[in-house]
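Right, one structure below, let's go through it.
To find a chain, count down the sequence lines: A is the first, B the second, and so on, and within it residues start at 1. In what follows, every heavy atom counts, from backbone to side chain, and hydrogens, waters and symmetry copies are set aside.
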Amino acid sequence: MPINNDDIADVLTELADLLEIQGANTFRVRAYRNAARTVSSLSEDVGGYISSGKDLSDLPGIGKDLAGKIEQILGTGSLPMLEDLKKEVPEDLSRLLDVGGLGPKRVATMYKELGVESLDDLEKAAKDGKIRDLEGFGKKTEESILEGIQRVKQQKRGRIRLDKADRIAEPLLEYLRKNDDIKSLDVAGSYRRRKETVRDIDILATCKKGTDVMKYFSDYEDVEKVVAEGETKSSVLLRSGIQVDLRVMPQVSFGAAMVYFTGSKEHNIALRKIAIRKKWKVNEYGIFKGDDRLAGKTEEEIYDRLGMAYVPPELREDRGEIEAAQKDKLPDILQQDDIRGDLHCHSKYTDGHNTIEEMAKAAKDLGYDYMAMTDHSKRVTVAHGLKPEDVERQIAEIDKLNKKLKDFTILKGTEVDILKDGSLDLPDETLEKLDIVVCSIHSYFDLSRSEQTERVIKAMKNKHFNILGHPSGRLINEREPLQLDMEKIVKAAKDNGCFLEVNSHPDRLDLTDINCKMAKDMGVKVVISTDSHQVNHLDYIRFGVSQARRGWLEKKDVLNTHTLKQLHSMLKKK
DNA sequence: GCCGTTTTCGGCCCGACTGTTTTCAGTCG
């Protein structure tokens with residue numbers, strides 16, 4: 001089985017977990033974690049990276065030793081060092097780190113003193129009252145461990161999708177805004193960076209002195225448990241299981257705090273290293289030279305003082321944005337207003353909830369110039385996929401509607417299935433009557449990597465193939481992505497004049513940010529579509545846009561930022 | 001284990017909160 005970047009990152013992370021429990025040097029542990037991160041955010045396969053003659057140790061955080069280990073993992077899927085480590089430290093022990101409040105030191109103590117090796121062992125030890133007697137532990141720790149175990153069992157500590165986070169954050173912000181003592185209020189964290197999933201929600205506020213904003217926060221009706229409550233920082237768990245942190249900062253530090261709490265952690269570390277070189281210090285209160293505050297009030301001031309351009313939140317991942325900002329070469333990333341139409345929509349003809357006309361009017365109301373009607377093909381029987389004669393019927397209706405609509409065009413399209421053998425689910429004579437052909441996989445998700453990759457590449461060779469719909473097929477938190485060699489897919493898209501979709505549905509967000517960047521780097525344009533099944537799904541475009549922004553895409557990199565005329569000529573194949 | 005405008009050793013981001021202590025270690029972000 002081929003080893004991909006995520007597999008390598010998983011092995012490195014497991015090494016870091018076990019080393020940490022074993023009490024290894026914390027910086028050594030950090031080195032493994034840094035390397036895992038570098039590998040998983042690499043926009044090409046490690047295998048391809050090596051075979052193209054490049055040196056792994058040129059990558060940040062990877063030296064001679066780790067480069068060697070990564071090559072070993074690539075060859076065998078594991079590492080003798082990891083196998084040896086597992087003999088010394090029970091593998092399951094790393095799962096205990098998922099329990100809130102437990103870190104490597106405590107896990108190691110409980111293992112050594114009580115022989116705790118698993119969640120079940122831990123629960124038993126806590127229930128038997130054995131943990132409270134350990135040195136450095138106590139009754140409260142024991143109780144919080146029991147609570148933490150319940151949370152892990154209910155899987156309440158996982159990452160939640162961005163749309164759900166929106167639904168949680170918005171009413172909470174509205175509640176906080178009602179408090180007159182709060183002056184400024186903003187959300188930071190991965191939520192602000194618009195990551196596809198978030199673990200918690202970070203809120204930042206400034207307020208009048210001597211007020212009890214923290215108490216007001218804890219009194220929010222959805223709070224299940226107050227995890228911590230201090231003067232400047234409070235954390236609560238909401239009933240939905242998500243944690244919300246509130247930080248109260250002085251106004252003069254608001255910008256520094258926004259940078260700090262927006263993260264990412266890696267981006268912050270990189271900023272601090274720049275400050276250290278200048279003999280300054282950066283923290284959430286500002287940039288300091290000794291006791292003098294050099295900057296802090298706004299984010300712009302912070303970046304400016306550090307000698308770089310303002311970095312939009314979506315780019316703050318330490319994936320090259322720091323260097324680009326220092327050279328003033330950041331991409332001018334896409335804005336939602338740049339989108340001129342939606343190129344993947346369904347109607348009542350298949351599994352949509354609205355008529356073509358209703359969808360078109362809703363799209364026009366958003367200010368769009370065009371929309372493509374792309375209902376399913378016959379293979380998708382559960383969605384009442386269209387046969388060639390149904391497509392003809394739909395074409396006739398669209399022709400009629402287009403005569404009626406002013407300053408708006410409905411493009412005739414399909415979301416045709418890519419069958420197991422790489423052929424398309426509608427005949428060429430039907431496809432050639434359409435303006436746009438989106439091709440997607442809805443079956444045989446478990447083919448091997450080479451078979452799946454070949455299947456897609458064969459489909460792309462069909463001259464009617466325009467766009468690969470939801471390329472990886474993943475459903476966030478529900479279904480793993482298809483085994484695909486994305487580098488080969490992107491290359492095939494380039495060779496065959498195809499485009500790749502960023503499906504904006506918040507349970508897909510597919511392409512990923514990293515693959516968006518890969519497509520851009522390899523010169524393939526993407527399409528940002530919603531896959532709307534009803535009019536109010538059209539609004540999902542904002543999730544796709546932020547995904548594309550995270551992938552460094554500019555207006556010119558996106559097909560549906562172009563005018564209808566340009567679009568037609570870009571879709572046409574020789 | 002990595003890294004170098006303090007460059008092959010000696011650092012490695014920084015601060016808040018909790019629980020267990022009586023000055024601080026551990027965890028978290």
Legend entry - Position toward the 5' end of DNA chain B (nearest nucleotide), A/Glu135 or A/Asp245: A/Glu135
Inset, instruction - Give me the one residue out of A/Glu321, A/Arg272, A/Arg319 that meets side-chain hydrogen bond (donor to acceptor under 3.5 Å, both in side chains) with A/His267. - result: A/Glu321
Inset, instruction - Look at all strands and tell whether A/Leu271 reaches a base, only sugar-phosphate, or nothing, counting heavy atoms closer than 4.0 Å. - result: nothing
Inset, instruction - Identify which one of A/Asp202, A/Asp166, A/Thr262 satisfies the side-chain hydrogen bond (donor to acceptor under 3.5 Å, both in side chains) criterion when paired with A/Tyr191. - result: A/Asp166
Inset, instruction - Give the C-alpha distance, both sets of side-chain angles, the deciding distance and a yes or no for side chain to side chain donor-acceptor pair (under 3.5 Å) between A/Glu266 and A/Asn268. - result: CA-CA 5 Å; A/Glu266 290 79 14; A/Asn268 288 345; over 6 Å; no
Inset, instruction - Rounded to the nearest angstrom, tell me the gap between atom CG in A/Leu102 and atom P in B/dG29. - result: 13 Å
Legend entry - Whole-Å C1' distance, B/dT8 and B/dC2: 12 Å
Legend entry - Same-atom distance (P) from B/dT7 to B/dG11, integer angstrom: 13 Å
Inset, instruction - Specify the separation, in whole Å, of atom CG of A/Leu59 and atom P of B/dG1. - result: 18 Å
Legend entry - Integer-rounded Å distance: B/dG29 P and A/Ile242 CD1: 12 Å
Legend entry - Nearest-angstrom distance from the residue atom CZ of A/Phe137 to C1' of B/dG26: 9 Å
Legend entry - A/Leu315 versus A/Arg550, closest heavy-atom pair with distance: CD2-O, 4.4 Å
Inset, instruction - Mind checking A/Lys279 for me? I need base, sugar-phosphate or nothing, with any heavy atom below 4.0 Å counting as a touch. - result: base
Legend entry - Nearest-Å distance once atom P is located in both B/dC17 and B/dC13: 22 Å
Inset, instruction - Let me have a per-nucleotide readout for nucleotides 11-18 of chain B, 5' to 3', with B, S or -, counting only protein heavy atoms under 4.0 Å. - result: -BBBSSSS
Inset, instruction - Grab the CD-C1' distance between A/Gln243 and B/dG29 for me, whole Å please. - result: 9 Å
Inset, instruction - Rounded to whole angstrom, note down the P distance from B/dT22 over to B/dG26. - result: 15 Å
Inset, instruction - Could you check how far CD1 of A/Ile145 sits from P of B/dG26, rounded to whole Å? - result: 14 Å
Legend entry - Rounded distance (Å) that lies between atom C1' of B/dG1 and atom CD1 of A/Ile70: 12 Å
Inset, instruction - Indicate yes or no: at least one non-hydrogen side-chain atom of A/Met81 is less than 4.5 angstrom from one of A/Gln72. - result: no
Inset, instruction - Specify the residue among A/Arg277 and A/Pro60 whose closest nucleotide of DNA chain B lies further upstream toward the 5′ end. - result: A/Pro60
Inset, instruction - For A/Leu18 and B/dG1, give me the distance from atom CG to atom P, rounded to whole Å. - result: 15 Å
Legend entry - Side-chain heavy-atom pair A/Ser78, A/Ile73 within 4.5 angstrom cut-off: no
Legend entry - side-chain N/O A/Ser235 vs B/dC28 OP1/OP2, d < 4.0 Å: no
Inset, instruction - For B/dC9 and B/dC14, measure between their P atoms and round to the nearest Å. - result: 25 Å
Inset, instruction - Look at the rings of A/Tyr303 and A/Tyr310 and say which category their plane angle falls in: under 30° parallel, 30 to 60° tilted, over 60° perpendicular. - result: perpendicular
Inset, instruction - Tell which nucleotide pairs with B/dT8, taking only Watson-Crick or G-U wobble pairs whose two distances are both under 3.5 angstrom. - result: none
Inset, instruction - List the steps and the verdict of side chain to side chain donor-acceptor pair (under 3.5 Å) for A/Ser118 and A/Asp120. - result: CA-CA 5 Å; A/Ser118 66; A/Asp120 288 342; 5.2 Å; no
Legend entry - Between B/dG15 and B/dG10 - C1' atom distance, rounded Å: 24 Å
